[in-house]
**Student:** 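Would you mind keeping the following structure in view while I ask a few things?
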Number of protein chains: 2
Amino acid sequence: MSPRSSVAEARRTRQRIVERGIALASRDGLEGLTIGRLAADLKMSKAGVLGHFGTKEALQLATLEGAAAAFSRLVWEPAADVRPGLPRLRAVCEAWIAYLDLDAGRAVFPGGCFFTTASIEFDARGGPVREAVARMSRVWRRRLAAEARTAVAAGDLPADTDPDQVVFELIGLFMALNQEIQLFAAPDATDRTRRALDRLLGPCPARSAP
Amino acid sequence: MSPRSSVAEARRTRQRIVERGIALASRDGLEGLTIGRLAADLKMSKAGVLGHFGTKEALQLATLEGAAAAFSRLVWEPAADVRPGLPRLRAVCEAWIAYLDLDAGRAVFPGGCFFTTASIEFDARGGPVREAVARMSRVWRRRLAAEARTAVAAGDLPADTDPDQVVFELIGLFMALNQEIQLFAAPDATDRTRRALDRLLGPCPARSAP
DNA sequence: CCTACCGATCGGTAGG
DNA sequence: CCTACCGATCGGTAGG
């Protein structure tokens, strides 16, 4: 019951660092996230920032994990209550669009999709950051594939649908949406995405049984 | 008829620098392309490298232009002789797959698609490099859209096809293929891409008239 | 095209 | 959590 211990203070500070790190890295990448600029942004000393992580690589990994938690909160959780299968898959896609497009997502990730940036940045190198990015991407793909599989079992997608093919095309669609928003600020990009989703998952509103 | 003048020598050297720059930047990005490492790689002095461009930004722009020329040579030119419309669009897609997948492309761009990397790297910043990336992407999209339009006019794509929608989905597909290859080294990624292309453009081999 | 150099910033450490 | 510092590297310049 004591007023906030120094351990709790340190944890709060660490979280503040990670949150600012996510914002800066979404713009400049995890390699472009430098300890000096992060410290200046937080009005802390470089040693004060680095002390929470030890090395820049550990800071990058912590930032990546923080971004994954935020992504899960913004894109997965809003759809978690929806019925598994096609309805949930569609709800995830809507939240995913919002994550890329609306203030909710852009406030946390002002530089666009954090994982696309991190994937592109590290995909031609080795090391723990690259492996963490790959692992997170696999987890996300597995979640999506499970919903697609449920949708097939429920008859909401054609019986010959390959769930991994659906996931592959979904990934591409959202990468294209991310580019359209970040590079061209195209206002019709979300419509294009929804049209492609209809082509991939079937038209959105009430589908009669097959 | 004189043996190579010093002007021609300088041009050759500049080209050598740009070619190595493309290879290094495809791995580490245009910001990760440092003058010092590029010079060491070429066994030149930093001043010798920088003298050909003046500033790092000019080097980045020259590297970007060199990459665009190589992309055009690898992906556009092999299809330029094919009949305009759907046949040419399909030929471009095959060359595009080779650019991402085979030794031909990977020898020039060992770190994967140069333009995806550059786009992601600069899409949240300002400046001439970002504008150059956006301009090149627009040119490429316009070329693809023109072929799609021709295909519609020829009746090789449904009359209600939106060419820009086709281009949007193509861009996403090849970004997904790039990630699959670079991050996961997935051997079945080209098959997935061709399957998605069949869904988008119609099945590949001889289509009977509609 | 080179050597020699500039101030700024990088990741990281010592010591408190 | 700070100040003070380290060697390495950054982009760039002077002068030849």
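Because only heavy atoms are used, hydrogens play no part in the values below, and waters and symmetry mates are left out as well, while side chains stay in. In what follows, chains carry the letters A, B, and so on, assigned in the order in which the sequence lines appear, proteins first and then strands, with residues in each chain numbered from 1.
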**Student:** Taking a pair as Watson-Crick (N1 to N3 plus N6-O4 or O6-N4) or G-U wobble (N1-O2 and O6-N3), both under 3.5 Å, which stems of 3 or more consecutive pairs involve DNA chain D?
**Tutor:**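 Stems for DNA chain D, defined as runs of 3 or more consecutive pairs: C:1-16 with D:1-16.
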**Student:** Assess whether a salt bridge exists between A:Asp198 and A:Arg90, defined as any Lys/Arg side-chain N lying under 4.0 Å from an Asp/Glu carboxylate O.
**Tutor:**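 Salt bridge: yes.
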**Student:** How many whole angstroms separate atom CZ of A:Arg11 from atom P of D:dC1?
**Tutor:**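 Answer to the nearest Å: 13 Å.
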**Student:** Applying salt bridge (Lys or Arg N to Asp or Glu O under 4.0 Å) as the test, list every pair that has at least one member in residues 117-132 of chain B; sequence neighbours left out.
**Tutor:**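 Residue pairs passing salt bridge (Lys or Arg N to Asp or Glu O under 4.0 Å), neighbours aside: A:Asp28-B:Arg125, B:Glu31-B:Arg125.
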**Student:** The criterion is ring-ring contact (aromatic ring centres under 6.0 Å, His included); which residues satisfy it with B:Phe174, sequence neighbours excluded?
**Tutor:**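 Testing B:Phe174 for ring-ring contact (aromatic ring centres under 6.0 Å, His included), a comparison that skips the adjacent residues, returns B:Trp96.
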**Student:** Got a sec, which pairs hit salt bridge (Lys or Arg N to Asp or Glu O under 4.0 Å) with one end in residues 178-187 of chain A, sequence neighbours left out?
**Tutor:**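 Residue pairs passing salt bridge (Lys or Arg N to Asp or Glu O under 4.0 Å), neighbours aside: A:Glu180-B:Arg141.
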**Student:** Rounded off to whole Å, could you give me the CD-to-P distance for the B:Gln15 and C:dC1 pair?
**Tutor:**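 That distance rounds to 13 Å.
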**Student:** In whole angstroms, how far is the C1' atom of D:dC2 from the CD atom of A:Glu9?
**Tutor:**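 A:Glu9 atom CD is separated from D:dC2 atom C1' by 16 Å.
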**Student:** Walk me through whether B:Arg88 and B:Asp81 qualify under salt bridge (Lys or Arg N to Asp or Glu O under 4.0 Å).
**Tutor:** CA-CA 8 Å; B:Arg88 187 183 286 173; B:Asp81 294 335; over 6 Å; no
**Student:** For A:Leu42 and D:dC1, give me the distance from atom CG to atom C1', rounded to whole Å.
**Tutor:**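 Computing the A:Leu42:CG to D:dC1:C1' distance gives 13 Å.
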**Student:** Closest to the A:Arg37 side chain: C:dC1, C:dC10, D:dC2?
**Tutor:**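 Closest nucleotide to the A:Arg37 side chain: C:dC10.
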**Student:** Less than 4.5 Å apart, side chain to side chain, heavy atoms only: is that true for B:Cys93 and B:Leu170?
**Tutor:**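 Yes. Closest side-chain heavy atoms under 4.5 Å.
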**Student:** Scan nucleotides 11-16 of chain D nucleotide by nucleotide, 5' to 3', and note B when protein non-hydrogen atoms come under 4.0 Å of the base, S if they reach only the sugar-phosphate, - if neither.
**Tutor:** BBB---
**Student:** Could you tell me whether B:Glu169 and A:Arg192 make a salt bridge, using a distance below 4.0 angstrom between a side-chain N and a carboxylate O?
**Tutor:**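 Between A:Arg192 and B:Glu169 there is no salt bridge, as every charged N stays at least 4.0 Å from the carboxylate O atoms.
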**Student:** Identify, with sequence neighbours excluded, every residue that meets ring-ring contact (aromatic ring centres under 6.0 Å, His included) alongside B:Phe115.
**Tutor:**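 Per chain and number, B:Phe115 pairs via ring-ring contact (aromatic ring centres under 6.0 Å, His included) with B:Phe71.
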